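Keep in mind the model is a prediction, meaning the values are calculated, not measured. Whatever order the structure lists them in is the order used to number ligands and atoms, beginning at 1.
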Amino acid sequence: MTHARAASPLASSPPVLGVLISGRGSNLQAIIRAIGDGRLAARIGIVIANRPDAGGLEHARAAGIPTAVIDHKAFGSRAAFEEALVARLTEAGVAVICLAGFMRILSPFFLERAPGPVLNVHPSLLPSFPGVDAQGQAWSHGVKVAGATVHLVTPELDAGPIIAQATVPVHDADTAESLAARILVEEHRLYPDAIARVLTCRWHIDGRRFVCE
Ligand code: GAR
C-alpha cells in the first residue's frame with residue numbers, strides 16, 4: 001500500500017496531528033477534548049478546512065489551534081489542491097493526518113506524499129455502506145446493527161485497513177437522523193481511542209488487516 005508506514009510508536013513527543021475537516025467539526029471537538037482530558041497524548045498542529053465556512057474552524061480557533069483554509073475550488077487540478085495540503089501539513093510538522101468529516105476524496109498523489117499515515121472516521125460498519133450518507137443507507141437497508149469505523153485511508157474509497165469499530169443497535173422507531181445521532185456518539189469515543197492506538201502501538205498491515213503488535 002502506498003501509505004503504509006513502519007512508524008509506530010512515532011518519534012516526536014507529543015506527536016503532532018493534522019486534522020482535515022469540511023463541516024461542523026464535532027469529531028475534531030472530540031479529539032480536542034480527548035487531548036485535554038489526557039486520553040490522547042498528542043498535539044493538533046493544524047486544522048485545515050477545504051471550505052471557508054466549515055463550522056469546525058471556530059472550535060479550533062477557540063482551542064488556540066492554528067487553522068488554514070485550503071479551498072479546493074481555488075485550484076485548477078486535484079493534484080495542485082493536494083500539493084497545497086501536503087505542504088501545509090508538512091510545514092506544521094504533522095506525523096498523523098486525521099480526516100474528520102473531510103468530504104474530498106484524496107488521490108494516490110496525496111497519499112504518497114502525506115507526511116504520515118492518513119486516518120478516517122466513517123459512520124458505518126465498513127465494508128457495509130461506504131460513501132455518502134452511510135447512516136441513511138444503513139437505515140434504508142433495514143440493518144439491525146449499525147456503527148462506526150476508523151480506518152487507514154487508501155486510494156479505494158472507505159476500503160482501507162480497519163483500525164477500530166463500534167456498534168449501535170438500530171431500533172424500529174429510528175429515523176435516519178436518530179440513528180446518525182446514536183452513531184455520532186460512538187464516533188466521538190472511538191476516533192480518539194483509535195488515534196491513540198495508532199500512536200502507541202507498534203503496528204503493521206498484514207494483507208488488509210491492521211495489526212497492533
Ligand atoms: C461524521 O459522521 C463522519 O463520520 C462523517 O461525516 C460526519 C462529520 O461530522 N464522515 C464521512 O461520512 C466520511 N465518509 P463532524 O464534522 O461533526 O465531525
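- Not a single N or O atom of Asn120, backbone or side chain, sits closer than 3.5 Å to an N or O atom of ligand 1.
- Between the side chain of Glu82 and the main chain of Ser107, a donor-acceptor pair closer than 3.5 Å is present.
- Counting non-hydrogen atoms of neighbouring residues, nucleotides and ligands closer than 6.0 angstrom, the NE2 atom of His171 exceeds 12 such neighbours.
- Around the CD atom of Glu156, the shell of radius 6.0 Å holds no more than 12 heavy atoms that belong to other residues, nucleotides or ligands.
- For atom 9 (O) of ligand 1, the closest heavy atom belonging to the protein is Arg24 NH2, 3.3 Å.
- For atom 11 (C) of ligand 1, the nearest non-hydrogen atom from the set Ala148, Pro123, Gly101 comes from Pro123.
- Looking at Asp158, its side chain does come within 3.5 Å of a backbone N or O of Gly131 through a donor-acceptor pair.
- Nearest protein heavy-atom neighbour of atom 14 (N) of ligand 1: His122 ND1, 3.1 Å.
- Ligand 1 does not have Gln29 within reach: every non-hydrogen atom of the residue lies 4.0 Å or more from it.
- Each of the following atoms of ligand 1 lies closer than 4.0 Å to a heavy atom of Ser26: 15 (P), 16 (O), 17 (O), 18 (O).
- Of all protein heavy atoms, the one lying nearest to atom 16 (O) of ligand 1 is Gly25 N, 2.9 Å.
- Ring orientation note: the planes of Phe81 and Phe102 are close to parallel, at an angle under 30° on the 30°/60° scale.
- Heavy-atom contacts of Glu187 reach the following atoms of ligand 1: 1 (C), 2 (O), 3 (C), 4 (O) (cutoff under 4.0 Å).
- At least one heavy atom of Val121 sits closer than 4.0 Å to an atom of ligand 1.
- Using a 4.5 Å heavy-atom threshold, the side chains of Leu89 and Ile46 count as touching.
- More than 12 non-hydrogen atoms from other residues, nucleotides or ligands lie less than 6.0 angstrom from CG of Leu157.
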